[in-house]
Protein chains: 2
Amino acid sequence: MMNFRMTFASEQPVTAADKTFIQLRTDIVEGVIQAGTKLSETELSTKYAVSRAIIREAINRLASCRIVERKANIGARVVALTPEGLDQLYQVRESLEGMAARLAAQNMTDQEIADLNSLLSSHFDEVKTGESYYQEAGDVDFHYRIILGSKNSHLISLLFDGIYHLVRMYRVQLGMAGPRVTTAFDEHKHIVQAISNRDAELAEMLMRRHIWYSKSNIERKLVN
Amino acid sequence: MMNFRMTFASEQPVTAADKTFIQLRTDIVEGVIQAGTKLSETELSTKYAVSRAIIREAINRLASCRIVERKANIGARVVALTPEGLDQLYQVRESLEGMAARLAAQNMTDQEIADLNSLLSSHFDEVKTGESYYQEAGDVDFHYRIILGSKNSHLISLLFDGIYHLVRMYRVQLGMAGPRVTTAFDEHKHIVQAISNRDAELAEMLMRRHIWYSKSNIERKLVN
DNA sequence: ACCCGGGATATTGTCGACAAAGTGAGTGTA
DNA sequence: TACACTCACTTTGTCGACAATATCCCGGGT
């Protein structure tokens, strides 16, 4: 069920390579395999009980989304989590998700917007009753729908297949603050309002700001 | 030497898989392998005289930058060039390169800006003397430096490893107009001016407009 | 004539073995 | 002692063979 959240609807693992890739990725994102670790192909192939070719493909895919860095004839290692890395990542994320919000305001159907509104109210109930798992699942759901709403397949791919897992890695491994939860909810509400009004410019600006706040929140932890 | 232009400085092919990947990519981008073609692993492995594993890796990498689409147990085929695809691609490109220009205005060193200016004047000489190869090499060089100037490794990777080859595929296979060359030069000049003045907002806006014009230019051909 | 099912064929997915490149310890020399 | 070289070992890169899945053709039934 939690597994649902970290693998998006689009990626249904069919082949063994897919499963191993997703497994390895979540192990890294969740910190089971620590940041900076060297990834030995033979070692991993025994650990995950698949051939080295499968592991190689998984590592290559992880290199594509910059979760690991690979050097020819030397090997691959998990990226380190640094303040500079976070900054650069969130610069890109802010731009892309801002664009997603703008396009979503233009391209989402009325039905999709209605669904987004009801998603938000169900989240409101959860926040009210104190179920704080909103942080993870709810937030991902919210951004997920807006990104899909952009209807731009390149953008969707860049975010879901590309930077999102790295974003999650920073968030999971550095933890998230408490007070942020309710304020984030308000920000979500305003964004949805802008989208409902088909106000693309405002939606982009609010989304950018929302993500900027989110970065500041994580950054506070990293500095320690 | 022309090969210099299509493989960026960062990617020095060291392994056989690298070379095959780059070769296959340029063959697709240049249209030697036509858009929409099915890519047979066995066929390509004999054609390029390497093992199927090498071809598989190359195809996987091409799938990462969305030059081919792969389906499990079915195969991979080169993407089709459509007006919708061009629109979506250039939406993303406009956003990312606009961001690059903004960051470049903030982060490039004075020396790098000076080099960029002299690059521009050398291009001016070429345009004046009528050497129209400016289209290809010069334009790529220009954008190349600004993207590097952003100093954001995620952004750089997204553009160079990601969408740039697909952009080139549209440009190469649909040809480029004539009159556009000189006007594009003027746009470049204004962008460099903005960067020289450290005017990030203006640099972003001019870059976005520059790319938007470029898209319109290609689009005109595609509609036929 | 049309539709459905089954088997032959071709293609992709997975594996273990071999080749090549990098790494590090140990030795000999200045 | 410090440096450079060699050689053994570890790790990655490449390959061909086998397994699993999809595709296509053909025959039988309604």
Side-chain angles (χ1 to χ4, degrees), chain A residues 7 10-28 32-80 157 161, chain B residues 7 10-28 33-80 161:
Chain A
T7 143
S10 59
E11 48 181 1
Q12 296 254 15
V14 8
T15 166
D18 292 339
K19 294 179 194 123
T20 307
F21 163 62
I22 291 178
Q23 183 64 47
L24 182 56
R25 187 182 62 192
T26 70
D27 283 351
I28 291 175
V32 178
I33 298 176
Q34 286 194 333
T37 310
K38 166 117 201 280
L39 295 179
S40 160
E41 294 184 356
T42 54
E43 185 185 336
L44 290 175
S45 77
T46 63
K47 180 175 173 182
Y48 290 96
V50 290
S51 87
R52 249 189 66 219
I54 304 288
I55 296 293
R56 263 181 84 77
E57 181 177 334
I59 290 179
N60 277 334
R61 288 208 230 173
L62 289 172
S64 291
C65 44
R66 298 174 64 83
I67 287 178
V68 310
E69 285 177 10
R70 152 163 267 170
K71 288 177 183 172
N73 286 313
I74 292 182
R77 64 176 52 243
V78 180
V79 295
S157 170
D161 303 336
Chain B
T7 142
S10 59
E11 46 182 3
Q12 295 255 16
V14 10
T15 165
D18 292 339
K19 294 179 194 124
T20 307
F21 163 62
I22 291 177
Q23 183 64 47
L24 182 55
R25 187 183 60 192
T26 70
D27 283 351
I28 291 174
I33 298 177
Q34 286 194 332
T37 310
K38 167 117 200 280
L39 296 179
S40 159
E41 294 183 357
T42 55
E43 185 186 334
L44 290 175
S45 78
T46 63
K47 180 175 174 184
Y48 291 96
V50 290
S51 86
R52 250 189 66 219
I54 304 289
I55 296 292
R56 263 183 84 77
E57 181 178 334
I59 290 180
N60 278 334
R61 288 208 230 173
L62 288 172
S64 291
C65 44
R66 298 175 63 85
I67 287 178
V68 311
E69 285 176 10
R70 154 163 266 171
K71 288 177 183 171
N73 286 313
I74 292 181
R77 64 176 50 243
V78 180
V79 295
D161 304 335

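All of these numbers come straight from a predicted model, not from anything done at the bench. Just so you know, these numbers use all the heavy atoms, side chains as well, and skip hydrogens, waters and symmetry mates. Here is how names work: the chains are called A, B, and so on, in the same order as the sequence lines, proteins then strands, and each is numbered from 1.
- A:Ser64 is linked by a side-chain contact (heavy atoms from CB on, under 4.5 Å) to B:Ser64, counting only residues two or more places apart in sequence or in another chain.
- Every side-chain contact (heavy atoms from CB on, under 4.5 Å) that B:Ala17 has, sequence neighbours left out, goes to B:Thr15, B:Ile54, B:Glu57, B:Arg61.
- Residues from residues 51-58 of chain B with heavy atoms under 4.0 angstrom of DNA chain C, sorted by number: B:Arg52, B:Arg56.
- Pairs engaging residues 69-78 of chain A under the salt bridge (charged side-chain N to carboxylate O under 4.0 Å, His left out) rule: A:Glu41-A:Arg70 [sequence neighbours left out].
- Taking a heavy-atom distance under 4.0 Å as the criterion, the stretch of DNA chain C touched by chain A extends 5' to 3' from C:dG13 to C:dG22.
- Under the side-chain hydrogen bond (donor to acceptor under 3.5 Å, both in side chains) criterion, B:Thr37 pairs with no residue at all, not counting sequence neighbours.
- In this structure, B:Thr46 has no side-chain contact (heavy atoms from CB on, under 4.5 Å) partners at least two apart in sequence or on a different chain.
- The line from CG of B:Asn60 to CZ of B:Phe21 is 10.5 Å long, rounded to the nearest 0.5 Å.
- Residue B:Arg77 contributes atom CZ, which lies 17 Å from atom P of D:dA22 at whole-angstrom precision.
- Applying the side-chain contact (heavy atoms from CB on, under 4.5 Å) rule to B:Gln23 yields the partners B:Thr26, B:Asp27, B:Tyr48; only residues at least two apart in sequence or on another chain are considered.
- Closest heavy-atom contact between A:Ile59 and A:Leu24: CG1-CD2, 4.4 Å.
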Inset, instruction - Heavy atoms under 4.0 Å is the rule here; annotate nucleotides 5-11 of chain D 5' to 3' with B where the base is hit, S where only the sugar-phosphate is, and - elsewhere. - result: ------S
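- Qualifying side-chain hydrogen bond (donor to acceptor under 3.5 Å, both in side chains) partners for B:Ser45, counting only residues two or more places apart in sequence or in other chains: none.
- B:Ser51 pairs by the side-chain hydrogen bond (donor to acceptor under 3.5 Å, both in side chains) definition with nothing, not counting sequence neighbours.
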